[in-house]
Each structure stands twice: as structure tokens, then as C-alpha cells.
*Asks:* 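One structure is given below, represented as C-alpha cells, and several questions about it will come after.
We count residues from 1, following the sequence as given. These numbers were taken from a predicted model, which means no experiment stands behind them. The figures that follow rest on heavy atoms only: side chains count, while hydrogens, waters and symmetry mates do not.
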Amino acid sequence: MKEQRLVFTFTTIYIMVLLSFFRHFFLWMTFHSIHTLKQNNIIEKEKKEAEINFLKSQINPHFLFNTLNNIYSLVSVNSPHSLKAIENLSAIMRFTTYETNKDKIEIEREIDYINQYLDLEQIRYGEKFYVEKEFLIENSKKLIHPYIISPLIENAIKHGVVKDINHPIKINLKTNSEYLEISVSNKINQHQKDETSGIGLTNLKKRLNYYFGNNYTFEIKNDYETFHIYLKIPLNDEN
């Protein structure tokens with residue numbers, strides 16, 4: 001009987017030790033898994049933020065080079081538009097240098113950038129620059145991610161026809177308390193071939209995916225004569 005009690009006691013202790021070991025092992029694995037998951041999430045977030053910063057750094061350098069060349073031409077002939085062009089470029093550089101580095105900016109700041117950009121293109125093309133725009137902004141202080149709507153307009157100017165009075169570039173932007181919507185349409189310039197065509201929109205699409213996931217609408221219609229693009233994004237503090 002004594003030996004049986006010893007065996008029973010030993011077995012019980014052995015089982016308790018095993019249970020304690022597995023309990024601690026399970027707790028360690030759980031903690032390790034959670035820690036690893038958090039680290040992976042941090043790494044993935046940092047990777048995405050680095051990618052977004054890289055995409056922002058690619059913002060339209062060709063436009064800057066072309067604008068500098070245009071201003072040089074204006075100054076060389078003592079054009080009365082040269083001072084205005086320099087002022088516009090200065091405002092644009094402030095936006096691309098400071099505002100695009102922020103996570104969010106007020107809508108009115110991006111609209112101001114768009115107007116400065118269109119003014120510069122007006123100087124470039126002169127009287128034959130046909131753009132129709134309508135901005136219906138409910139609250140200009142609402143926050144958006146910077147440079148989220150400008151690429152649509154820049155794409156239309158760059159690849160569209162701006163000198164056809166019968167087919168002007170059309171820009172419609174409106175917001176309410178919940179959404180921002182913009183549609184841009186242009187006649188396609190059949191004589192312009194650009195190796196960088198579409199890069200700006202591809203860049204934008206990646207940023208939209210990062211900011212909004214599936215919670216946005218991005219539509220392109222191209223019948224090889226007219227190019228139409230539509231974007232709808234939510235306006236809230238969560239995105």
C-alpha cells in the first residue's frame with residue numbers, strides 16, 4: 001500500500017509539473033505570438049509610410065522643369081506675365097514642399113494649389129486655354145490627405161487638348177459633410193505621346209488604397225476620344 005501511495009503521489013506531482021510546464025509554455029507562445037504580430041504590424045506600417053513618402057516625393061517633377069523653362073522664356077522677352085508666373089510658382093513650391101509632407105490639410109489649401117497651377121498653365125497657353133471648373137465646397141476647412149485631387153486635373157492638362165473651345169477640360173468638385181467628389185473630363189490629345197503617361201494616376205491609386213482601403217470610388221472611362229475620371233472619397237477623421 002505504501003509503494004502504491006508513493007507511485008500515486010509521484011504520478012500526481014509529475015502530471016502537475018507537466019501541466020504547469022504546458023501552461024507556462026502556452027502563455028509564453030501566446031505572448032511571443034502577440035509580440036511578433038505587433039512587431040510585424042509596426043514594420044508593415046513603417047513600410048507603407050515609407051512607400052507613401054516615396055510616392056509623394058515623385059509629385060510631378062516634369063511640371064516643375066517645364067514651368068521653369070516657361071518662366072525663363074517669359075523673362076527673356078520681358079513679358080508682363082513673368083512676375084505673376086513667378087508668384088504662382090512660389091505658391092506651388094510652398095505647397096509641394098510643406099503641405100504634401102503633412103498627413104492631412106484643409107481642402108482650401110489644395111484648391112488654392114489647383115488655382116495656382118491653372119493660372120500658370122493659362123500663362124503658358126495664353127488665350128487659347130479652355131478650362132471650365134465648378135467648385136461647390138460645403139466646408140473648406142474640412143481635412144483631406146494632400147495632393148489627392150490635384151493629380152486628376154494635372155493629368156487632364158498634360159494629356160488632354162486645352163486649345164479646343166468646343167471641347168474644354170471640365171472640372172467639377174463638390175463636397176458635403178460626408179464625401180468629396182470630383183470628376184474631370186478632357187478631349188484626348190492624339191498627337192501627344194508620353195512615356196510617363198499614367199504614372200501620376202498609378203501613383204494616386206496606390207495612395208488611395210493605402211488611405212481608404214476599399215472605401216472609395218475611382219472610375220475611368222476612355223473611349224479614345226474623351227477621357228473621363230471620377231473620384232469619391234469619404235471625409236471623416238478615421239481616414
*Asks:* Quick one: do Val161 and Ile220 end up in the same hydrophobic cluster if we chain Ile, Leu, Val, Met, Phe, Trp and Tyr together by side-chain heavy atoms under 4.5 Å apart?
*Replies:*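 As far as the 4.5 Å side-chain criterion goes, Ile220 and Val161 are not connected within one cluster.
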
*Asks:* Do Asn139 and Leu235 have side-chain heavy atoms sitting under 4.5 Å apart?
*Replies:*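 When only atoms from C-beta onward are counted, Leu235 and Asn139 do not touch, as no gap falls below 4.5 Å.
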
*Asks:* Evaluate the ring planes of His145 and Tyr211, with Trp represented by its six-membered ring, and classify them as parallel (under 30°), tilted (30 to 60°) or perpendicular (over 60°).
*Replies:*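 Parallel.
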
*Asks:* Supply the atom-to-atom distance Phe227 CZ to Ile169 CD1, rounded to the nearest 0.5 angstrom.
*Replies:*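 Atom-to-atom, Phe227:CZ and Ile169:CD1 are 12.0 Å apart.
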
*Asks:* To check you understand the geometry: which heavy-atom pair defines the closest contact between Tyr216 and Ile233, and what is its length?
*Replies:*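 For Tyr216 and Ile233, the tightest heavy-atom pair comes out as CB-CG2, 4.1 Å.
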
*Asks:* Say you draw a straight line from CD of Glu106 to NZ of Lys142; how long is it, rounded to the nearest 0.5 Å?
*Replies:*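 Rounded to the nearest 0.5 Å, the CD-NZ separation comes out at 12.0 Å.
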
*Asks:* At what distance, to the nearest 0.5 angstrom, does CG of Leu143 lie from CD1 of Ile105?
*Replies:*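 Between atom CG of Leu143 and atom CD1 of Ile105 there are 9.0 Å.
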
*Asks:* Examine distances only and state if a side-chain atom of Glu181 and a backbone atom of Lys174 form a donor-acceptor pair shorter than 3.5 Å.
*Replies:*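 Answer holds: no.
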
*Asks:* Is there a continuous path of hydrophobic side-chain contacts, each under 4.5 Å between heavy atoms, that joins Tyr230 to Ile148?
*Replies:*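 Different hydrophobic clusters.
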
*Asks:* Minimum heavy-atom separation for Ala156 to Val184, with atom names?
*Replies:*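 Answer, listing the atom of Ala156 first, then Val184: CB-CG1, 3.6 Å.
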
*Asks:* Closer than 3.5 angstrom, by distance alone: can the side chain of Glu110 be matched with the main-chain N or O of Ile149 as a donor-acceptor pair?
*Replies:*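 Between the backbone of Ile149 and the side chain of Glu110 there is a qualifying donor-acceptor contact (under 3.5 Å).
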
*Asks:* Mind running side chain to side chain contact (heavy atoms under 4.5 Å, CB included) on Met93 and Leu89 for me, showing each step along the way?
*Replies:* CA-CA 6 Å; Met93 291 302 297; Leu89 180 60; 4.2 Å; yes

*Asks:* Using 0.5 Å steps for rounding, measure from the CG atom of Leu208 to the CG atom of Asn203.
*Replies:*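 If I round to the nearest 0.5 Å, the distance is 9.5 Å.
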
*Asks:* Between Glu108 and Lys141, is there a salt bridge with N-O shorter than 4.0 Å?
*Replies:*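 Answer for the salt bridge query: yes.
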
*Asks:* Rounded to the nearest 0.5 Å, what separation is found between the OH atom of Tyr98 and the CZ atom of Arg109?
*Replies:*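 Reported value, rounded in 0.5 Å steps: 13.0 Å.
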
*Asks:* Taking all non-hydrogen atoms of both residues into account, name the closest pair between Pro168 and Glu132 and its distance.
*Replies:*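 What the structure gives for the nearest pair is CG-OE2, 3.5 Å.
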
*Asks:* So which atom in Tyr125 and which in Ile157 form the shortest heavy-atom distance, rounded to 0.1 Å?
*Replies:*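 In terms of heavy atoms, the two residues are closest at OH-O, 4.5 Å.
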
*Asks:* Can you name the closest pair of heavy atoms from Gly160 and Asn189 and give their distance?
*Replies:*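 Shortest heavy-atom contact: O-CB, 3.8 Å.
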
*Asks:* Can you list the steps and then say if Glu138 with Ser177 is a side chain to side chain contact (heavy atoms under 4.5 Å, CB included)?
*Replies:* CA-CA 7 Å; Glu138 183 177 285; Ser177 60; 3.7 Å; yes

*Asks:* Quick check: is Tyr210 connected to Ile144 through a chain of hydrophobic side chains (ILVMFWY, heavy atoms under 4.5 Å apart)?
*Replies:*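 Looking at the clustering, Tyr210 is in the same group as Ile144.
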
*Asks:* Quick one: side chain to side chain contact (heavy atoms under 4.5 Å, CB included) partners of Lys128, sequence neighbours excluded?
*Replies:*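 In terms of side chain to side chain contact (heavy atoms under 4.5 Å, CB included), with neighbours along the sequence ignored, Lys128 is linked to Tyr130, Lys163.
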
*Asks:* Does Glu219 reach the main-chain N or O of Lys232 with its side chain, forming a donor-acceptor pair under 3.5 Å?
*Replies:*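 No, because the side chain of Glu219 does not come within donor-acceptor range (under 3.5 Å) of the backbone of Lys232.
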
*Asks:* Looking only at non-hydrogen atoms, find the nearest pair between Pro234 and Asn215 and report the distance.
*Replies:*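 Distance-wise, the nearest heavy atoms are CD-O, 3.2 Å.
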
*Asks:* Is a donor on one side and an acceptor on the other found under 3.5 Å between the side chain of Arg207 and the backbone of Tyr147?
*Replies:*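 Such a contact is found between Arg207 side chain and Tyr147 backbone.
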
*Asks:* Decide yes or no for Leu180 and Leu173: does some side-chain heavy atom of the first lie under 4.5 Å from some side-chain heavy atom of the second?
*Replies:*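 They are in contact (side-chain heavy atoms under 4.5 Å apart), so the answer is yes.
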
*Asks:* Please evaluate residues Ile229 and Phe218 with respect to the criterion side chain to side chain contact (heavy atoms under 4.5 Å, CB included), reporting the C-alpha separation (whole Å), side-chain torsions for both, the decisive distance (0.1 Å), and the verdict.
*Replies:* CA-CA 7 Å; Ile229 192 163; Phe218 187 73; 3.6 Å; yes

*Asks:* Mark yes or no for whether Ser150, through its side chain, and Ile114, through its backbone, hold a donor-acceptor pair below 3.5 Å.
*Replies:*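 No, because the side chain of Ser150 does not come within donor-acceptor range (under 3.5 Å) of the backbone of Ile114.
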
*Asks:* Can you tell me how far CD1 of Ile107 sits from CD1 of Ile137, rounded to the nearest 0.5 angstrom?
*Replies:*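 Ile137 CD1 to Ile107 CD1: 5.5 Å, rounded to 0.5 Å.
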
*Asks:* Do the non-hydrogen side-chain atoms of Lys84 and Ile123 ever get within less than 4.5 Å of each other?
*Replies:*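 Yes, side chains in contact.
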
*Asks:* Between Leu118 and Ile153, is there a side-chain heavy-atom distance shorter than 4.5 Å?
*Replies:*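 Counting from C-beta outward, Ile153 and Leu118 do come under 4.5 Å.
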
*Asks:* Using distance alone, with no hydrogens and no angle criterion, decide if Lys133 and Asn115 have a side-chain donor and acceptor under 3.5 Å apart.
*Replies:*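 Yes, side-chain donor-acceptor contact under 3.5 Å.
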
*Asks:* State which residue, out of Leu152, Ile171, Asn172, fulfils the side-chain contact (heavy atoms from CB on, under 4.5 Å) condition with Ser183.
*Replies:*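 The residue from Leu152, Ile171, Asn172 that satisfies side-chain contact (heavy atoms from CB on, under 4.5 Å) with Ser183 turns out to be Asn172.
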
*Asks:* Are Tyr117 and Asn88 close enough that a side-chain donor and a side-chain acceptor fall under 3.5 Å?
*Replies:*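 Result is no, nothing qualifies.
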
*Asks:* State, yes or no, whether a side-chain contact exists between Leu83 and Glu87 at a heavy-atom distance under 4.5 Å.
*Replies:*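 Yes. Closest side-chain heavy atoms under 4.5 Å.
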
*Asks:* Looking only at atom types and distance, does a side-chain atom of His228 sit under 3.5 Å from a main-chain N or O of Asn186, one as donor and one as acceptor?
*Replies:*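 Checked: no pair found.
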
